[in-house]
> 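This is the structure, below, for whatever I ask next.
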Amino acid sequence: MKEEIKAEIIKQLEKDIPEVSQVKQKIKLEIPKEDRFGDLSINVAFLLARFLKKKPVEIANQIKQMLEELPYFSKVEVAGGGFVNLFLSKEYYRDVLKQILKEKDRYGAALKKNRGRINVEFVSANPTGPLHLGHGRGAVVGNVQSNLYDYLGYKVEREFYINDAGRQIKKLGESVYARFRQIDQPDYPFPEDGYHGDYIKEIAQHLYRYEKEKILSFVDEKQAVDFCSEFAKEMLLEKIKEDLKEFGVEFDIWFSEKKLYTSGKVEEAIRFLKEKGMIYEKEGAVWVKTTLYGDDKDRVIIKSDGSYTYFAGDIAYHYDKFKRGYDSIVNVWGADHHGYFPRLKAAVMAFGVPEDWIKVMFIQLVKLFRNGQEIKMSKRSGSFVTLKELIEEVGKDAVIYFFLTKDSNTHLNFDIDLALKKSSENPVYYVQYAHARICSVFREAKERFGFDPEQDFEADINLLKEEQERILMKHLAMIPDLIKEAGEKQQPHKLTQITYDLASDFHYYYNHFKFLTKDDESLMRARLYLLKGIREALRTLFKLMGITPVERM
RNA sequence: GCGCCCGUAGCUCAGUAGGAUAGAGCACCGGUUUCCGGGGCUGGGGGUCGCAGGUUCAAAUCCUGCCGGGCGCGCCA
């Protein structure tokens with residue numbers, strides 16, 4: 001809605017100041033930090049100063065007069081040496097509330113998905129063990145970013161790349177096979193760098209119970225290991241799917257790395273790069289000229305022993321995505337892979353896509369804290385907390401919310417004690433409490449006055465004369481823009497901030513005003529009307545994050 | 001050595017496609033409420049935005065150099 005107003009402002013200004021068209025791109029209509037600077041603020045006077053050879057303040061005063069003619073504003077002020085501050089009118093707020101109640105928990109969302117197709121690939125954990133916290137953070141960030149794209153009007157596809165080829169999977173099979181053999185023969189050697197977790201033993205026991213004859217019947221031990229690999233991988237993948245589903249994350253596409261090799265897609269991609277002149281041979285290996293697109297050295301895709309590198313598979317994978325015709329793709333990766341991006345980007349650029357076609361969001365480490373002490377994790381010894389365990393301990397909503405509190409590219413300290421607190425110190429509790437409180441007020445209204453705010457009703461918002469009510473309405477009006485900004489900038493963590501701020505303004509309102517007053521029923525209705533708008537805005541935010549809008553605490 | 005990320009209040013962090021007096025939560029101090037040493041409400045103190053230059057009407061934000069911390073730099077996946 002900011003965009004609408006901005007367009008109107010520009011149209012209005014261009015009537016008398018043709019120079020506006022020259023600075024159009026740099027005009028910023030923003031939400032000022034301080035309430036007294038208005039609901040919106042525009043910087044256009046600074047930009048015009050150079051062209052009109054006048055002081056910003058003078059221009060601002062001229063602009064002020066022109067903008068006062070527009071219907072949106074109740075007041076226009078000049079301040080800060082040339083800012084033009086705009087105060088929205090009651091009529092505008094009335095329209096905002098109407099819109100919220102109409103759009104409900106998709107308040108402000110694009111109605112049509114016509115901005116293009118985006119693919120978001122995330123989690124993509126090796127199916128060699130349970131999901132850990134880093135995967136969980138990636139799952140939340142990827143999922144919420146996908147929700148944001150949907151909100152913005154893109155058609156989104158969520159994808160999980162299954163690393164089911166290569167050494168990891170072989171190692172998995174060897175580990176399971178060893179555990180299987182150890183059941184009858186305890187001194188059977190366990191591979192040096194095998195997977196130690198108990199889940200490997202569980203899989204082995206399962207195989208021992210149901211597939212023992214089959215495994216022992218293989219003539220070649222390698223076949224037995226392959227069988228174990230395949231079985232364990234499928235089983236672990238199922239587990240991963242279940243965990244993610246419980247976490248509210250579902251994928252549209254499960255893409256197998258192995259199939260890239262068996263279906264000839266790797267050869268196809270290499271052939272394509274060859275046509276583009278990106279491929280050459282040196283020292284018995286085949287290389288890609290990634291330096292043509294900014295990488296610091298060329299990279300091998302076929303080793304001198306004739307086998308492919310991981311990079312070859314990844315090029316083929318992205319070539320496949322390219323051919324699927326997405327307008328843009330996003331990869332959510334662990335931050336330790338950041339050094340890998342330039343070479344992948346270089347290969348992808350060779351496809352002939354625009355500079356910003358591929359984006360990567362990096363996920364930094366999650367550290368767990370309990371009683372102020374870090375819980376050290378060691379995957380080797382098997383002593384690490386899985387995503388599932390954390391969810392079981394503090395609940396899905398807290399995990400999601402905490403994973404979203406900080407920019408994904410910064411380290412996150414997860415305080416288990418805080419996540420468990422049932423008080424306003426705990427931000428998840430605090431925001432959910434705001435929603436539950438409104439529900440509770442509505443229940444009371446029905447019980448005490450026989451007036452059910454859950455039903456549709458009309459109200460006169462001109463009765464909302466308190467300062468805090470104006471602040472809340474303004475806040476509601478801005479929410480779609482705040483969400484859109486979070487989505488455009490790939491900063492899903494901003495949603496927690498937006499939600500917290502709204503909850504905070506609501507709690508303040510709740511603590512200072514009575515909603516259920518017998519003596520002034522029309523005021524009661526107006527306030528409940530506002531509460532209903534707040535609740536829908538909260539629901540919109542909760543839905544984007546995947547958090548439950550609880551009705552009672 | 002090269003590259004990427006981070007450095008903001010005592011702590012954990014927001015804020016960085018330049019914008020007005022740099023924000024929040026916790027902790028700390030005060031007022032108030034409650035049966036309450038807990039909880040709620042409310043007010044307050046607290047900052048050389050790592051350092052030093054530069055660009056600009058305007059820099060936490062952009063540029064350069066340095067300091068400190070993390071990560072990455074394979075014909076590994």
Side-chain angles (χ1 to χ4, degrees), chain A residues 25-26 28 30-34 36-38 41-47 49-50 55-57 77-85 124-126 128 161 163-172 193 257 281-288 294-314 333-343 360 362-365 367 369 372 402 404-415 417-418 421-427 430 433 485-486 488-489 491 493-494 496-498 500-501 503-504 507-508 510-512:
Chain A
Q25 295 303 319
K26 294 178 89 173
K28 268 174 68 179
E30 56 182 13
I31 304 165
K33 281 181 277 197
E34 284 189 54
R36 67 194 171 91
F37 295 137
S41 169
I42 193 158
N43 67 340
V44 66
F46 292 107
L47 303 172
R50 200 150 57 91
K55 282 185 182 164
V57 187
E77 281 181 357
V78 173
F83 286 100
V84 180
N85 297 335
S124 300
N126 287 341
T128 54
Y161 183 52
N163 295 119
D164 53 1
R167 231 177 50 200
Q168 309 288 341
I169 292 294
K170 194 170 161 237
K171 203 162 80 181
L172 172 71
D193 54 351
E257 179 190 2
E281 282 189 46
K282 192 181 84 182
E283 296 159 9
V286 178
W287 301 65
V288 191
D295 196 6
D296 35 353
K297 49 191 142 186
D298 289 342
R299 309 288 173 172
V300 169
I301 48 167
I302 305 177
K303 300 181 230 172
S304 47
D305 68 2
S307 63
Y308 294 114
T309 60
Y310 178 83
F311 186 41
D314 224 12
W333 286 351
D336 54 342
H337 287 78
H338 73 256
Y340 182 74
F341 186 55
R343 82 187 70 165
V360 176
F362 290 107
I363 307 293
Q364 294 281 2
L365 281 180
K367 287 183 183 171
F369 284 79
F402 276 73
L404 278 177
T405 46
K406 280 156 191 109
D407 190 322
S408 67
N409 202 18
T410 61
H411 289 258
L412 174 72
N413 293 339
F414 194 112
D415 183 342
D417 306 302
L418 181 61
K421 268 191 189 149
K422 296 220 182 310
S423 74
S424 60
E425 275 174 71
N426 177 353
Y430 187 77
Y433 189 33
E485 193 187 318
E488 303 280 10
K489 291 187 176 172
Q491 296 179 318
H493 73 279
K494 286 206 168 140
T496 54
Q497 191 76 33
I498 298 166
Y500 190 90
D501 288 346
S504 172
H507 283 306
Y508 184 89
Y510 181 95
N511 287 325
H512 289 265

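Predicted, not measured: the structure shown is a model, and the values here were computed from it. In what follows, chains carry the letters A, B, and so on, assigned in the order in which the sequence lines appear, proteins first and then strands, with residues in each chain numbered from 1. Basis for what follows: all heavy atoms, side chains included, without hydrogens, waters or symmetry-related copies.
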> Which value, in whole Å, describes the distance between the C1' atoms of nucleotides B/C26 and B/U21?
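The answer is 25 Å between these two C1' atoms.
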> I'd like to know whether NZ of A/Lys170 has more than 12 heavy-atom contacts from other residues, nucleotides or ligands below 6.0 angstrom.
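No.
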> May I have the distance from A/Phe362 (atom CZ) to B/G70 (atom C1'), rounded to whole angstrom?
15 Å
> Which listed nucleotide (B/G70, B/C75, B/C5) is nearest to the side chain of A/His411?
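Nearest listed nucleotide: B/G70.
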> Considering only the C1' atoms, how many Å lie between B/G68 and B/G25, rounded to the nearest integer?
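Nearest-Å result for B/G68 against B/G25 at atom C1': 27 Å.
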> As a test of reading the structure: which of B/G74, B/C76, B/A17 is closest to the side chain of A/Lys489, going by heavy atoms?
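Between B/G74, B/C76, B/A17, the one nearest the side chain of A/Lys489 would be B/A17.
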> Taking only side-chain N and O atoms of A/Lys494, does any of them lie within less than 4.0 angstrom of OP1 or OP2 on B/C13?
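Checking A/Lys494 against B/C13: no side-chain N or O falls below 4.0 Å of OP1 or OP2.
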> How far does the C1' atom of B/A20 sit from the matching atom of B/A60, given to the nearest Å?
15 Å
> Using centres under 5.5 Å plus planes under 30 degrees as the test, is A/Phe83 stacked with B/G19?
no
> What is the nucleic acid contact for A/Asn126, judged by heavy atoms within less than 4.0 Å: base, sugar-phosphate only, or nothing?
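Here A/Asn126 touches no strand at all.
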> Report yes if a side-chain nitrogen or oxygen of A/Thr410 is closer than 4.0 Å to either non-bridging phosphate oxygen (OP1 or OP2) of B/A14; otherwise report no.
yes
> Nearest to the side chain of A/Glu283, which nucleotide is it out of B/G15, B/C75, B/C73?
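So the nucleotide nearest the side chain must be B/C75.
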> Over 60° means perpendicular and under 30° means parallel, so classify the ring planes of A/Phe341 and A/Phe362, tilted if in between.
perpendicular
> Under 4.0 Å: is that the gap between some side-chain N or O of A/Lys303 and OP1 or OP2 of B/C76?
yes
> By the 4.0 Å heavy-atom rule, please label A/Tyr340 as base, sugar-phosphate, or nothing.
base
> Walk along nucleotides 33-41 of chain B from 5' to 3' and tag each nucleotide B, S or - by protein heavy-atom contact under 4.0 Å, base first, then sugar-phosphate.
-------SS
> Quick check for you: among B/C75, B/G19, B/C5, whose closest atom lies nearest to any side-chain atom of A/Gln364?
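For the A/Gln364 side chain, the nearest candidate turns out to be B/C5.
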> Of all the nucleotides listed (B/A20, B/G74, B/C71), which has the minimum atom distance to the side chain of A/Asp336?
B/C71
> Among B/A20, B/G19, B/G15, find the nucleotide with the atom closest to the side chain of A/Lys28.
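Comparing B/A20, B/G19, B/G15 against the side chain of A/Lys28, the answer is B/G19.
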> Using only heavy-atom distances, decide whether a donor-acceptor pair under 3.5 angstrom links the side-chain of A/Ser41 to the base of B/A20.
yes
> Between B/A17 and B/G53, how far apart are the two P atoms, rounded to whole Å?
25 Å
> With P as the reference atom in both, quote the distance from B/U34 to B/C13 in angstrom, rounded to an integer.
39 Å
> Under 4.0 Å between any heavy atoms, over every strand shown, what does A/Asn85 touch: base, sugar-phosphate, or nothing? Just pick one.
base
> Looking only at atom P, what distance separates B/G40 and B/G45, rounded to whole Å?
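Each nucleotide's P atom is 22 Å from the other's.
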> Reckon A/Ala49 touches a base, only the sugar-phosphate, or nothing at all at heavy-atom distances under 4.0 Å?
nothing
> Taking side chain to side chain contact (heavy atoms under 4.5 Å, CB included) as the definition, give me every residue that meets it alongside A/Tyr310, ordered by chain and number, with sequence neighbours left out.
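A/Tyr310 satisfies side chain to side chain contact (heavy atoms under 4.5 Å, CB included) with A/Tyr161, A/Asn163, A/Glu257, A/Asp314, A/Tyr340 once adjacent residues are dropped.
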> Would you classify A/His493 as touching base, sugar-phosphate or nothing, given that sugar-phosphate means primed atoms plus P, OP1 and OP2, and contacts are heavy atoms under 4.0 Å?
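It contacts sugar-phosphate atoms only.
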> For A/Tyr500, which contact category applies under a 4.0 Å heavy-atom criterion: base, sugar-phosphate, or nothing?
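Touches sugar-phosphate only.
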> With rounding to the closest Å, how many angstrom separate the P atoms on B/U56 and B/G10?
34 Å
> Determine the Euclidean distance between corresponding P atoms of B/U16 and B/G7; express it in Å to zero decimal places.
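My reading of the P atoms in B/G7 and B/U16 gives 12 Å.
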> Closest approach to the side chain of A/Phe46, judged atom by atom: which nucleotide of B/A77, B/C57, B/A14 is it?
B/C57
> Counting only N and O atoms by type, is there a donor-acceptor contact under 3.5 Å from the side chain of A/His507 to the main-chain atoms of A/Tyr430?
yes
